[in-house]
Amino acid sequence: MRSRHDMAFDGLMVSVSGVRGRVGEALTPEVVATFAAAFGAWASRSGNRRVVVGRDSRVSGPMFTRIVHGALESVGCTVIDIGMAPTPTIQLAVEHHHAAGGLGITASHNPIEWNALKFIGPSGLFLSAAEGAEMRALLDTGIPRATWDQLGHIEQDDAAVSRHIAQVLALPWLDVAGIRAKRFRVALDCCHGAGSVIMPQLLTELGCEVYAINMEADGRFHRPPEPVAENLGELEALVRATGAHVGFATDPDVDRLALVLDDGRAPGEDYTLAFAARTVLRHRPGPVVTNLSTSKVVSDVAAEMGVPFQFAKVGEVNVALAMRDAGSTIGGEGNGGVILPEMHLGRDAPVGAALMLQLMLEENRPLSELVAARPRYVIVKDKLDRPDAALDAVYEALRGAFPDATADTQDGLRLDWPDRWVHLRPSGTEPIVRVIAEAPSDADARALIAQARAPLAALV
């Protein structure tokens with residue numbers, strides 16, 4: 001039987017990442033106010049009522065910020081507002097203030113018409129599935145409101161971004177002086193997102209010559225904001241025009257970093273984590289954890305460095321918790337999300353950028369040469385509308401069709417062979433089913449996609 005809040009919030013995407021929807025459709029001011037109040041009541045149940053709030057650059061962000069402030073005040077929370085800031089900056093601010101939690105008003109890489117609430121626990125991690133269910137239960141049982149004399153208030157914190165930059169620069173094995181001496185030329189595309197409030201400053205602190213585009217943080221994305229290779233044509237052209245050593249692209253909330261090589265080519269966002277792991281493992285050998293949709297370029301690095309490697313379910317909090325349990329040194333997601341526990345257990349594009357510059361310093365050769373020296377894989381990402389029927393029959397059909405593959409069922413179905421794999425899973429952020437395959441050639445990867453789509457298409 002469906003709960004009242006399930007029926008009231010039809011059209012929302014509710015996942016470990018938070019609550020997402022199209023503005024003015026599923027995501028209305030009333031919905032945002034209700035979820036924000038429920039989160040504030042849940043987070044402050046221990047008596048700590050401090051909640052950090054930040055947002056990305058989306059057009060609806062200022063409106064939803066005001067609504068979130070009022071909703072949190074209505075349950076007695078002290079709101080610490082950090083303004084426009086990257087999601088990792090919000091997570092770090094929760095830790096800094098020893099807050100009960102944090103709310104990020106951001107739809108990350110989703111298209112321009114979307115916005116969302118990301119729920120952050122007192123540890124700076126996103127809520128686990130169990131914590132999210134506990135919080136949402138208040139939507140059914142009732143949200144306890146504060147009386148007139150117990151209402152919350154708002155405080156401003158204008159130093160959160162500066163602290164974030166300082167923490168990156170203080171990483172013990174980051175050779176800041178060496179990087180500054182190289183005067184790397186860096187092309188930067190922040191896609192009209194919150195990256196403009198942190199990336200230029202960090203790169204300048206590291207002595208880089210920065211050539212930037214799309215820096216107006218107005219949320220008016222002129223292209224799809226996800227930093228995948230097919231969306232980075234402008235940055236590729238900028239790298240070629242300026243002779244940059246590297247190009248960096250961030251998504252609107254700055255937790256993902258994609259690269260453009262010195263030859264003006266975007267190799268795919270999985271290389272961000274692969275290169276980050278290569279850098280960190282030289283200084284801190286230890287286990288590597290990634291999600292199930294990550295390229296073999298990452299597991300190859302772990303194998304070369306002789307360290308353990310394991311998969312986690314898709315979703316930042318799932319990877320972070322698996323990293324914590326494994327004592328992981330480096331990990332993240334193949335979408336350009338680098339998680340460095342020495343900093344915090346969250347995806348962090350500024351950390352990723354610093355790691356790339358450190359690698360360039362240590363290797364003293366172009367990134368294009370590093371990519372050329374790696375085994376060649378082609379990753380193909382596809383998606384279909386999510387069917388109403390359960391996917392179990394699809395998974396069983398695929399396992400039967402590929403009896404020679406190693407199957408992982410912790411998050412959808414991933415089938416592995418020595419030089420290729422395919423992963424099928426329902427998205428937690430969009431009403432689609434993702435089908436991702438990787439193989440030594442584009443034709444081989446697309447053949448895997450086609451075989452995986454066949455039983456799925458029959459349900460759509």
Decide salt bridge (Lys or Arg N to Asp or Glu O under 4.0 Å) for Asp175 and Lys182; before the verdict, give the C-alpha distance in whole Å, the side-chain angles of both, and the deciding distance to 0.1 Å.
CA-CA 11 Å; Asp175 184 355; Lys182 295 292 286 187; over 6 Å; no
Side chains of Val254 and Thr87: does their closest heavy-atom pair fall under 4.5 Å?
no
List the steps and the verdict of side-chain hydrogen bond (donor to acceptor under 3.5 Å, both in side chains) for Glu362 and His283.
CA-CA 12 Å; Glu362 294 177 2; His283 303 271; 2.7 Å; yes
Check: Arg374 and Val301 side chains under 4.5 Å, non-hydrogen atoms
yes
So CG of Asp251 and CG of Asn231: to nearest 0.5 Å the spacing works out to 11.5 Å
Does anything in residues 339-348 pair up under side chain to side chain donor-acceptor pair (under 3.5 Å), and if so which pairs, sequence neighbours excluded?
His164-Asp348, Trp173-Glu342, Asp255-Arg347, Arg284-Glu342, Glu316-Arg347, Glu333-Arg347, His344-Asp348
Residues in side chain to side chain donor-acceptor pair (under 3.5 Å) with Asp392, at least two apart?
none
For the student: nearest non-hydrogen atoms of Pro426 and Tyr395, plus distance:
CD-OH, 3.5 Å
Can you list everything that forms a side chain to side chain donor-acceptor pair (under 3.5 Å) with Tyr377? Sequence neighbours excluded, please.
Asp300
Taking only residues two or more places apart in sequence or in another chain, which ones pass salt bridge (charged side-chain N to carboxylate O under 4.0 Å, His left out) with Lys313?
none
Apply side-chain contact (heavy atoms from CB on, under 4.5 Å) to residues Val53 and Leu72 and explain how you reach the verdict.
CA-CA 10 Å; Val53 174; Leu72 291 173; 3.6 Å; yes
For the residue pair Met343 and Leu92, establish whether any side-chain heavy-atom pair is separated by less than 4.5 Å.
yes
Under 3.5 Å, is there a donor-acceptor pair between the side chain of Asp411 and the main chain of Val314?
yes
Please report the C-alpha distance between Glu269 and Lys381 in whole Å, then the side-chain angles of each, then the deciding distance to 0.1 Å, and finally whether the salt bridge (Lys or Arg N to Asp or Glu O under 4.0 Å) criterion is met.
CA-CA 12 Å; Glu269 61 271 29; Lys381 300 182 180 183; 2.8 Å; yes
Would you say that Met215 contacts Pro200 through its side chain, given a criterion of any heavy-atom pair below 4.5 Å between the two side chains?
yes
Just jot down the salt bridge (charged side-chain N to carboxylate O under 4.0 Å, His left out) partners of Glu25, sequence neighbours excluded, or say none.
none
Leu281 vs Val288, side-chain contact (heavy atoms from CB on, under 4.5 Å): CA-CA, chis, key distance, verdict
CA-CA 9 Å; Leu281 292 173; Val288 177; 3.9 Å; yes
Separation between CG of Asn291 and CG of Asn335, rounded to the nearest 0.5 Å:
6.5 Å
Pairing donors with acceptors under 3.5 angstrom, does anything connect the side chains of Ser57 and Asp218?
no
Nearest-0.5 Å distance that lies between atom NE2 in His245 and atom SG in Cys208:
10.0 Å
Compute whether any side-chain donor of one residue and acceptor of the other, for Ser295 and Asp270, lie under 3.5 angstrom apart.
no
Do side-chain atoms of Arg399 reach the backbone of Leu413 as a donor and acceptor pair under 3.5 angstrom?
no
Distance from Arg278 atom CZ to Met356 atom CE, nearest 0.5 Å?
11.0 Å
If we ignore hydrogens and angles and just use 3.5 Å, is the side chain of Arg58 paired with the main-chain N or O of Gly219 as donor and acceptor?
no
Leu27 side chain near Trp114 side chain, heavy-atom distance below 4.5 Å:
no
Set of side chain to side chain donor-acceptor pair (under 3.5 Å) partners for Arg55, sequence neighbours left out:
none
Could you give the side-chain donor-acceptor pairs of residues 319-328 under 3.5 Å, partners two or more places apart or in another chain?
unit_1 : atom_1 : unit_2 : atom_2 : d
Ser328 : OG     : Pro287 : O      : 2.7
Ser328 : OG     : Ile330 : N      : 3.4
Ser328 : OG     : Ile330 : O      : 2.9

Listed partners of Asp444 passing salt bridge (charged side-chain N to carboxylate O under 4.0 Å, His left out), at least two apart
Arg420
Can Gln358 and Thr279 be counted as having a side-chain donor-acceptor contact under 3.5 angstrom?
no
Quiz question: by atom type and distance under 3.5 Å, do the side chains of Asn110 and Arg20 form a donor-acceptor pair?
yes
Taking it one step at a time, do His96 and Gln91 satisfy side-chain hydrogen bond (donor to acceptor under 3.5 Å, both in side chains)?
CA-CA 9 Å; His96 173 80; Gln91 293 175 286; over 6 Å; no
Is it the case that the side chain of Thr89 and the backbone of Ala85 share a donor-acceptor pair, with hydrogens and angles ignored and the cut-off at 3.5 Å?
no
When you measure from the side chain of Glu236 to the backbone of Ala266, do you find a donor-acceptor pair of N or O atoms at a distance under 3.5 Å?
yes
Specify the closest pair of heavy atoms between Asp253 and Ser108, including all atoms of both residues, with the distance to one decimal.
OD1-OG, 3.3 Å
If you look only at pairs with a residue in residues 250-272, which of them pass as a ring-ring contact (aromatic ring centres under 6.0 Å, His included), with sequence neighbours excluded?
Tyr271-Phe275
Side-chain (Asn115) to main-chain (Leu117) donor-acceptor, under 3.5 angstrom
no
Please determine whether the number of non-hydrogen atoms from other residues, nucleotides or ligands lying under 6.0 Å from atom CZ of Arg282 exceeds 12.
yes
Indicate the atoms forming the closest heavy-atom contact of Arg414 with Leu292, along with that distance.
NH1-O, 2.6 Å
Apply the test side-chain contact (heavy atoms from CB on, under 4.5 Å) to residues Glu113 and Val23: give CA-CA distance (whole Å), side-chain angles for both, the deciding distance (0.1 Å), then the verdict.
CA-CA 6 Å; Glu113 67 269 19; Val23 176; over 6 Å; no
List the residues meeting side chain to side chain donor-acceptor pair (under 3.5 Å) with Thr106, not counting sequence neighbours, and say none if there are none.
Asp56
For the residue pair Phe119 and Phe39, does the interplanar ring angle fall in the parallel (under 30°), tilted (30 to 60°) or perpendicular (over 60°) class?
parallel
List the atom of Thr242, the atom of Leu238, and the distance in Å for their closest heavy-atom pair.
OG1-O, 2.7 Å
By salt bridge (charged side-chain N to carboxylate O under 4.0 Å, His left out), which residues pair with Asp157, not counting sequence neighbours?
Arg163
Search all heavy atoms of Ile198 against all heavy atoms of Pro350 and return the closest pair with its distance.
CD1-CG, 3.8 Å
CZ (Phe248) and CG (Leu202) are apart, to the nearest 0.5 Å, by 9.0 Å
Please report the interatomic distance CG(Asp262) to CD(Glu369), rounded to the nearest 0.5 Å.
8.0 Å
Between Val94 and Pro122, what is the shortest heavy-atom contact and its length?
CG1-O, 3.8 Å
Between His192 and Phe221, ring centroids under 6.0 Å
no
Hits for ring-ring contact (aromatic ring centres under 6.0 Å, His included) against His98, two or more places apart or cross-chain, chain-then-number order -> none
